[in-house]
Amino acid sequence: MTAKKKPKVYITRKLPDAVETRMRELFDAELNIDDTPRSVPELIAAVRTADVLVPTVTDRIDAALIEEAGPQMKLIASFSNGTDHIDVEAAARKGITVTNTPNVLTDDTADMTMALILAVPRRLGEGARVLTDKPGEWAGWSPTWMLGRRIHGKRIGIVGMGRIGTAVARRAKAFGLSIHYHNRKRVNPAVEDELEATYWESLDQMLARVDIVSINCPSTPATFHLISARRLALLQPTAYIVNTARGDVVDETALIKCLREGKIAGAGLDVFENEPAVNPKLVKLANEGKVVLLPHMSSATIEGRIDMGDKVIINIRTFIDGHRPPNRVLPGR
(Lines give C-alpha, C1' and ligand atoms only; values in the text may rest on other atoms or scores of the structure.)
Protein backbone atom coordinates (compact mmCIF):
# COMPACT_ATOMS: atom_id res chain seq x y z
CA MET A 1 0.00 0.00 0.00
CA THR A 2 1.34 3.45 -0.94
CA ALA A 3 1.73 5.82 1.98
CA LYS A 4 -0.42 8.94 1.81
CA LYS A 5 1.61 11.87 0.51
CA LYS A 6 2.35 14.47 3.15
CA PRO A 7 1.21 18.02 2.37
CA LYS A 8 4.00 20.47 1.57
CA VAL A 9 4.06 23.12 4.32
CA TYR A 10 6.21 26.24 4.02
CA ILE A 11 7.07 27.93 7.35
CA THR A 12 8.32 31.51 7.04
CA ARG A 13 10.09 31.94 10.41
CA LYS A 14 11.90 29.88 13.03
CA LEU A 15 9.41 28.27 15.44
CA PRO A 16 10.09 26.52 18.78
CA ASP A 17 11.95 23.24 18.29
CA ALA A 18 9.07 21.17 19.67
CA VAL A 19 6.72 22.70 17.10
CA GLU A 20 9.12 22.28 14.19
CA THR A 21 9.81 18.64 15.11
CA ARG A 22 6.09 17.84 15.13
CA MET A 23 5.67 19.71 11.83
CA ARG A 24 8.38 17.57 10.25
CA GLU A 25 6.78 14.38 11.59
CA LEU A 26 3.36 15.21 10.18
CA PHE A 27 4.08 17.21 7.03
CA ASP A 28 6.63 17.78 4.30
CA ALA A 29 7.66 20.92 6.15
CA GLU A 30 10.24 23.45 4.95
CA LEU A 31 11.71 25.19 7.98
CA ASN A 32 13.49 28.53 8.38
CA ILE A 33 16.33 27.47 10.67
CA ASP A 34 18.23 30.79 10.74
CA ASP A 35 15.00 32.85 11.17
CA THR A 36 15.86 35.27 8.37
CA PRO A 37 12.65 37.01 7.23
CA ARG A 38 11.58 35.70 3.82
CA SER A 39 11.79 38.05 0.86
CA VAL A 40 8.89 38.69 -1.48
CA PRO A 41 10.46 36.52 -4.25
CA GLU A 42 10.91 33.69 -1.72
CA LEU A 43 7.29 33.97 -0.63
CA ILE A 44 6.11 34.00 -4.25
CA ALA A 45 8.11 30.84 -4.94
CA ALA A 46 6.61 29.25 -1.84
CA VAL A 47 2.96 29.92 -2.66
CA ARG A 48 3.52 28.60 -6.18
CA THR A 49 4.62 25.19 -4.90
CA ALA A 50 3.44 24.65 -1.31
CA ASP A 51 0.06 23.30 -0.21
CA VAL A 52 0.07 25.29 3.03
CA LEU A 53 1.74 28.58 3.96
CA VAL A 54 2.53 29.23 7.63
CA PRO A 55 3.33 32.97 7.93
CA THR A 56 3.75 35.19 10.97
CA VAL A 57 2.86 38.81 11.69
CA THR A 58 6.13 39.95 10.06
CA ASP A 59 5.06 38.60 6.65
CA ARG A 60 2.91 40.74 4.38
CA ILE A 61 0.53 38.34 2.65
CA ASP A 62 -1.21 40.85 0.39
CA ALA A 63 -3.46 40.47 -2.64
CA ALA A 64 -0.53 40.58 -5.07
CA LEU A 65 1.22 37.70 -3.32
CA ILE A 66 -1.97 35.67 -3.01
CA GLU A 67 -2.61 36.11 -6.74
CA GLU A 68 0.70 34.34 -7.37
CA ALA A 69 -0.48 31.21 -5.53
CA GLY A 70 -0.64 27.99 -7.48
CA PRO A 71 -3.81 25.87 -7.63
CA GLN A 72 -2.43 23.52 -4.96
CA MET A 73 -2.23 26.32 -2.34
CA LYS A 74 -5.43 26.03 -0.32
CA LEU A 75 -4.53 27.08 3.24
CA ILE A 76 -2.76 29.96 4.95
CA ALA A 77 -2.32 28.80 8.55
CA SER A 78 -0.96 31.89 10.26
CA PHE A 79 1.19 31.60 13.36
CA SER A 80 -0.52 34.62 14.92
CA ASN A 81 -3.58 35.85 16.71
CA GLY A 82 -4.08 38.90 14.50
CA THR A 83 -4.56 38.60 10.74
CA ASP A 84 -4.07 42.23 9.68
CA HIS A 85 -0.96 41.10 7.76
CA ILE A 86 -3.10 38.91 5.49
CA ASP A 87 -5.59 40.04 2.83
CA VAL A 88 -8.29 37.62 3.92
CA GLU A 89 -10.72 38.84 1.25
CA ALA A 90 -8.18 38.22 -1.53
CA ALA A 91 -7.54 34.74 -0.14
CA ALA A 92 -11.25 33.96 -0.15
CA ARG A 93 -11.55 35.07 -3.77
CA LYS A 94 -8.71 32.71 -4.63
CA GLY A 95 -10.37 29.85 -2.77
CA ILE A 96 -7.75 29.83 0.02
CA THR A 97 -8.76 29.30 3.64
CA VAL A 98 -7.09 31.43 6.33
CA THR A 99 -6.66 30.37 9.95
CA ASN A 100 -5.09 31.98 13.02
CA THR A 101 -4.16 31.02 16.59
CA PRO A 102 -6.56 32.83 18.95
CA ASN A 103 -7.02 32.55 22.71
CA VAL A 104 -3.49 31.38 23.59
CA LEU A 105 -1.80 34.75 24.14
CA THR A 106 -4.45 36.42 26.27
CA ASP A 107 -2.81 35.99 29.66
CA ASP A 108 0.73 36.61 28.42
CA THR A 109 -0.26 39.87 26.74
CA ALA A 110 -2.38 40.97 29.70
CA ASP A 111 0.54 40.27 32.06
CA MET A 112 2.87 42.46 30.00
CA THR A 113 0.24 45.19 29.76
CA MET A 114 0.01 45.19 33.53
CA ALA A 115 3.81 45.28 33.74
CA LEU A 116 3.86 48.46 31.63
CA ILE A 117 1.00 49.95 33.64
CA LEU A 118 3.26 49.57 36.67
CA ALA A 119 6.54 50.43 34.95
CA VAL A 120 5.62 53.81 33.53
CA PRO A 121 4.13 55.63 36.57
CA ARG A 122 6.62 53.99 38.96
CA ARG A 123 9.63 54.85 36.72
CA LEU A 124 11.00 51.30 36.69
CA GLY A 125 13.08 51.82 33.56
CA GLU A 126 14.76 54.90 35.00
CA GLY A 127 15.44 53.18 38.31
CA ALA A 128 17.03 50.17 36.65
CA ARG A 129 19.28 52.36 34.52
CA VAL A 130 20.59 54.19 37.59
CA LEU A 131 22.29 50.97 38.67
CA THR A 132 23.46 49.76 35.25
CA ASP A 133 24.43 52.91 33.32
CA LYS A 134 26.47 54.52 36.10
CA PRO A 135 27.42 51.77 38.55
CA GLY A 136 28.63 52.97 41.90
CA GLU A 137 27.09 56.44 41.63
CA TRP A 138 23.85 55.65 43.50
CA ALA A 139 24.04 57.53 46.79
CA GLY A 140 21.40 55.43 48.54
CA TRP A 141 17.79 55.85 49.53
CA SER A 142 16.31 59.35 49.74
CA PRO A 143 12.77 60.38 50.73
CA THR A 144 12.30 62.66 47.72
CA TRP A 145 14.25 60.82 45.01
CA MET A 146 12.78 58.86 42.05
CA LEU A 147 9.20 59.63 43.04
CA GLY A 148 6.56 58.12 40.79
CA ARG A 149 2.79 57.93 40.86
CA ARG A 150 0.61 55.47 42.80
CA ILE A 151 -1.74 53.44 40.60
CA HIS A 152 -4.03 52.19 43.38
CA GLY A 153 -7.26 54.17 43.32
CA LYS A 154 -6.72 55.50 39.80
CA ARG A 155 -9.03 55.02 36.82
CA ILE A 156 -7.98 52.86 33.87
CA GLY A 157 -9.71 53.24 30.50
CA ILE A 158 -9.50 50.09 28.38
CA VAL A 159 -9.90 50.61 24.63
CA GLY A 160 -11.13 47.27 23.30
CA MET A 161 -12.78 44.97 25.84
CA GLY A 162 -12.19 41.65 24.11
CA ARG A 163 -10.41 38.70 25.70
CA ILE A 164 -7.17 40.59 26.32
CA GLY A 165 -8.89 43.78 27.43
CA THR A 166 -11.01 41.81 29.90
CA ALA A 167 -7.93 39.99 31.21
CA VAL A 168 -6.20 43.36 31.69
CA ALA A 169 -9.27 44.64 33.54
CA ARG A 170 -9.19 41.69 35.96
CA ARG A 171 -5.53 42.31 36.74
CA ALA A 172 -6.03 46.06 37.07
CA LYS A 173 -8.95 45.58 39.46
CA ALA A 174 -6.74 43.40 41.66
CA PHE A 175 -4.31 46.34 41.85
CA GLY A 176 -7.08 48.63 43.04
CA LEU A 177 -7.77 50.42 39.77
CA SER A 178 -11.28 51.53 38.83
CA ILE A 179 -12.27 49.92 35.52
CA HIS A 180 -13.65 51.97 32.62
CA TYR A 181 -13.91 50.71 29.06
CA HIS A 182 -14.91 51.57 25.52
CA ASN A 183 -15.94 48.85 23.09
CA ARG A 184 -18.14 48.47 20.02
CA LYS A 185 -20.72 46.92 22.33
CA ARG A 186 -21.08 46.38 26.05
CA VAL A 187 -19.66 43.22 27.55
CA ASN A 188 -21.79 40.59 29.26
CA PRO A 189 -23.55 42.13 32.29
CA ALA A 190 -22.07 39.44 34.55
CA VAL A 191 -18.55 40.41 33.48
CA GLU A 192 -19.34 44.08 33.91
CA ASP A 193 -20.66 43.42 37.42
CA GLU A 194 -17.65 41.27 38.33
CA LEU A 195 -15.26 44.02 37.28
CA GLU A 196 -17.45 46.86 38.58
CA ALA A 197 -16.74 48.34 35.17
CA THR A 198 -18.11 51.55 33.72
CA TYR A 199 -18.99 51.42 30.01
CA TRP A 200 -18.46 54.49 27.83
CA GLU A 201 -20.16 54.53 24.45
CA SER A 202 -18.17 57.67 23.71
CA LEU A 203 -14.41 57.08 23.54
CA ASP A 204 -13.83 60.83 23.77
CA GLN A 205 -15.71 61.12 27.03
CA MET A 206 -13.83 58.20 28.57
CA LEU A 207 -10.39 59.46 27.56
CA ALA A 208 -10.99 62.79 29.26
CA ARG A 209 -11.75 61.12 32.58
CA VAL A 210 -9.20 58.33 33.10
CA ASP A 211 -5.66 58.28 34.49
CA ILE A 212 -4.30 55.35 32.45
CA VAL A 213 -5.32 54.32 28.92
CA SER A 214 -4.71 50.74 27.83
CA ILE A 215 -4.94 49.99 24.10
CA ASN A 216 -6.21 46.45 23.55
CA CYS A 217 -8.16 46.61 20.29
CA PRO A 218 -7.16 44.93 17.00
CA SER A 219 -5.68 46.75 14.01
CA THR A 220 -8.38 47.31 11.40
CA PRO A 221 -9.15 50.14 8.97
CA ALA A 222 -11.61 51.43 11.58
CA THR A 223 -8.98 51.54 14.35
CA PHE A 224 -6.15 53.12 12.33
CA HIS A 225 -5.06 56.18 14.37
CA LEU A 226 -8.08 55.66 16.60
CA ILE A 227 -6.04 57.46 19.24
CA SER A 228 -5.50 60.54 17.10
CA ALA A 229 -3.96 63.92 17.86
CA ARG A 230 -7.43 65.23 18.71
CA ARG A 231 -8.10 62.38 21.13
CA LEU A 232 -4.66 62.58 22.72
CA ALA A 233 -5.45 66.22 23.46
CA LEU A 234 -8.41 65.06 25.55
CA LEU A 235 -6.17 63.27 28.05
CA GLN A 236 -5.29 64.85 31.36
CA PRO A 237 -1.66 66.04 31.69
CA THR A 238 -1.20 63.44 34.45
CA ALA A 239 -2.42 60.57 32.26
CA TYR A 240 -0.42 57.63 30.92
CA ILE A 241 -1.00 55.56 27.80
CA VAL A 242 -0.01 51.91 27.34
CA ASN A 243 -0.15 50.07 24.00
CA THR A 244 0.38 46.32 23.63
CA ALA A 245 -2.03 45.92 20.70
CA ARG A 246 -0.84 47.34 17.37
CA GLY A 247 1.28 50.41 16.72
CA ASP A 248 -0.95 51.99 14.11
CA VAL A 249 -3.88 52.31 16.52
CA VAL A 250 -2.07 55.35 17.96
CA ASP A 251 -0.91 58.34 15.92
CA GLU A 252 2.74 57.97 16.91
CA THR A 253 3.79 61.40 15.66
CA ALA A 254 1.05 63.06 17.71
CA LEU A 255 1.94 60.96 20.75
CA ILE A 256 5.59 62.04 20.55
CA LYS A 257 4.50 65.68 20.35
CA CYS A 258 2.27 65.30 23.42
CA LEU A 259 5.07 63.66 25.40
CA ARG A 260 7.63 66.28 24.40
CA GLU A 261 5.31 69.12 25.36
CA GLY A 262 4.32 67.51 28.67
CA LYS A 263 0.66 67.25 27.69
CA ILE A 264 0.55 63.68 29.04
CA ALA A 265 2.72 62.16 31.77
CA GLY A 266 4.17 59.16 29.96
CA ALA A 267 3.68 56.09 27.80
CA GLY A 268 4.53 52.39 27.74
CA LEU A 269 4.82 50.93 24.24
CA ASP A 270 5.39 47.34 23.14
CA VAL A 271 4.34 48.03 19.53
CA PHE A 272 5.23 50.71 17.00
CA GLU A 273 3.70 52.21 13.90
CA ASN A 274 6.56 51.29 11.54
CA GLU A 275 7.93 48.10 13.10
CA PRO A 276 10.66 46.99 13.26
CA ALA A 277 11.80 50.61 12.91
CA VAL A 278 11.42 52.63 16.11
CA ASN A 279 11.19 56.40 15.83
CA PRO A 280 14.46 57.90 17.18
CA LYS A 281 12.39 60.54 18.94
CA LEU A 282 10.76 57.80 21.00
CA VAL A 283 14.17 56.41 21.90
CA LYS A 284 15.23 59.87 23.03
CA LEU A 285 12.10 60.17 25.16
CA ALA A 286 12.87 56.75 26.66
CA ASN A 287 16.35 57.94 27.58
CA GLU A 288 14.74 60.94 29.25
CA GLY A 289 12.46 58.67 31.29
CA LYS A 290 9.21 59.74 29.63
CA VAL A 291 8.40 56.41 27.98
CA VAL A 292 9.14 52.72 28.47
CA LEU A 293 9.81 50.88 25.19
CA LEU A 294 9.70 47.11 24.66
CA PRO A 295 10.48 45.22 21.40
CA HIS A 296 7.03 43.69 20.72
CA MET A 297 7.48 41.03 23.39
CA SER A 298 4.16 41.00 25.24
CA SER A 299 3.25 37.56 23.87
CA ALA A 300 6.78 36.16 24.06
CA THR A 301 6.60 33.17 26.39
CA ILE A 302 7.76 29.65 25.63
CA GLU A 303 4.37 28.27 26.63
CA GLY A 304 2.51 30.74 24.43
CA ARG A 305 4.59 30.05 21.34
CA ILE A 306 4.22 26.28 21.72
CA ASP A 307 0.46 26.68 22.18
CA MET A 308 0.36 28.76 18.98
CA GLY A 309 2.26 26.05 17.12
CA ASP A 310 -0.15 23.40 18.37
CA LYS A 311 -3.07 25.41 17.01
CA VAL A 312 -1.36 25.79 13.63
CA ILE A 313 -0.85 22.02 13.47
CA ILE A 314 -4.46 21.31 14.44
CA ASN A 315 -5.72 23.74 11.80
CA ILE A 316 -3.57 22.13 9.09
CA ARG A 317 -4.46 18.55 10.02
CA THR A 318 -8.17 19.32 10.26
CA PHE A 319 -8.12 21.04 6.86
CA ILE A 320 -6.09 18.29 5.17
CA ASP A 321 -8.54 15.71 6.56
CA GLY A 322 -11.34 17.51 4.74
CA HIS A 323 -12.94 19.27 7.69
CA ARG A 324 -13.41 22.92 8.56
CA PRO A 325 -10.43 24.06 10.69
CA PRO A 326 -11.42 25.29 14.15
CA ASN A 327 -9.76 28.69 13.79
CA ARG A 328 -10.90 29.72 10.32
CA VAL A 329 -10.89 33.46 9.71
CA LEU A 330 -13.79 34.71 7.61
CA PRO A 331 -13.62 37.77 5.36
CA GLY A 332 -14.83 40.92 7.06
CA ARG A 333 -14.39 39.51 10.58
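The pair Glu25-Lys6 does not count as a salt bridge, with every side-chain nitrogen at least 4.0 angstrom from each carboxylate oxygen. A salt bridge links Arg171 with Asp111: at least one charged nitrogen is closer than 4.0 Å to a carboxylate oxygen. Between Lys14 and Glu20, at least one side-chain N (NZ, or NE/NH1/NH2) sits under 4.0 Å from a carboxylate O, which counts as a salt bridge. Ionic pairing of Arg129 and Glu126 is not present here: no N-O contact between side-chain nitrogen and carboxylate oxygen is shorter than 4.0 angstrom. The pair Asp51-Lys8 fails the salt-bridge criterion, with no side-chain N (NZ, NE, NH1 or NH2) lying under 4.0 Å from an Asp/Glu carboxylate O.
When side chains are defined from C-beta on, Leu259 counts as touching Ile264, because their heavy atoms get closer than 4.5 Å. Tyr10 is listed as a side-chain neighbour of Glu42, based on a closest heavy-atom distance under 4.5 Å. When side chains are defined from C-beta on, Met146 counts as touching Val130, because their heavy atoms get closer than 4.5 Å. By the 4.5 Å heavy-atom criterion applied to side chains, Arg209 and His180 are not counted as neighbours. Considering only heavy atoms from C-beta on, Leu15 comes within 4.5 Å of Phe79 through its side chain. Inter-residue side-chain proximity for Asn279 and Phe272 is flagged as unmet; no heavy-atom pair is nearer than 4.5 Å. Ile76 is listed as a side-chain neighbour of Ile86, based on a closest heavy-atom distance under 4.5 Å. Taking the side chain as every heavy atom from C-beta outward, Ile212 and Ile151 approach each other to under 4.5 Å.
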Would you check, one step at a time, whether the test side-chain hydrogen bond (donor to acceptor under 3.5 Å, both in side chains) holds for Glu273 with His225? CA-CA 10 Å; Glu273 195 164 348; His225 283 189; 2.6 Å; yes
Step by step, would you call Thr244 with Thr113 a side-chain hydrogen bond (donor to acceptor under 3.5 Å, both in side chains)? CA-CA 6 Å; Thr244 56; Thr113 303; 2.7 Å; yes
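For Arg93, there are no salt bridge (charged side-chain N to carboxylate O under 4.0 Å, His left out) partners at least two apart in sequence or on another chain. Under the salt bridge (charged side-chain N to carboxylate O under 4.0 Å, His left out) criterion, Arg155 pairs with no residue at all, not counting sequence neighbours. Scored by the salt bridge (charged side-chain N to carboxylate O under 4.0 Å, His left out) test, Asp310 finds no partners at all (sequence neighbours excluded).
No side-chain N or O of Ser202 forms a donor-acceptor pair with one of Asp204 less than 3.5 Å apart. A side-chain donor-acceptor contact under 3.5 Å links Arg13 and Thr58. For the residue pair Ser78 / His85, a side-chain donor-acceptor distance below 3.5 Å is found, with atom types taken as modelled.
One finds the CG atom of Leu65 at 10.0 Å from the CZ atom of Arg60 (value rounded to the nearest 0.5 Å). In this structure, Met206 CE and Ile158 CD1 are separated by 8.0 Å, a value rounded to the nearest 0.5 Å. Once rounded to the nearest 0.5 Å, the distance linking CG of Asn327 with CG of Asn100 reads 5.5 Å. To the nearest 0.5 Å, atoms CD (Glu194) and CD1 (Ile179) are separated by 10.5 Å. Within the model, atoms CZ of Arg246 and CG of Asp270 stand 10.0 Å from one another, a figure rounded to the nearest 0.5 Å.
Closest approach of Tyr181 and Met161 over heavy atoms only: CD1-CB, 3.6 Å.
The same ILVMFWY cluster, assembled from side-chain heavy atoms under 4.5 Å apart, contains both Val213 and Ile256.
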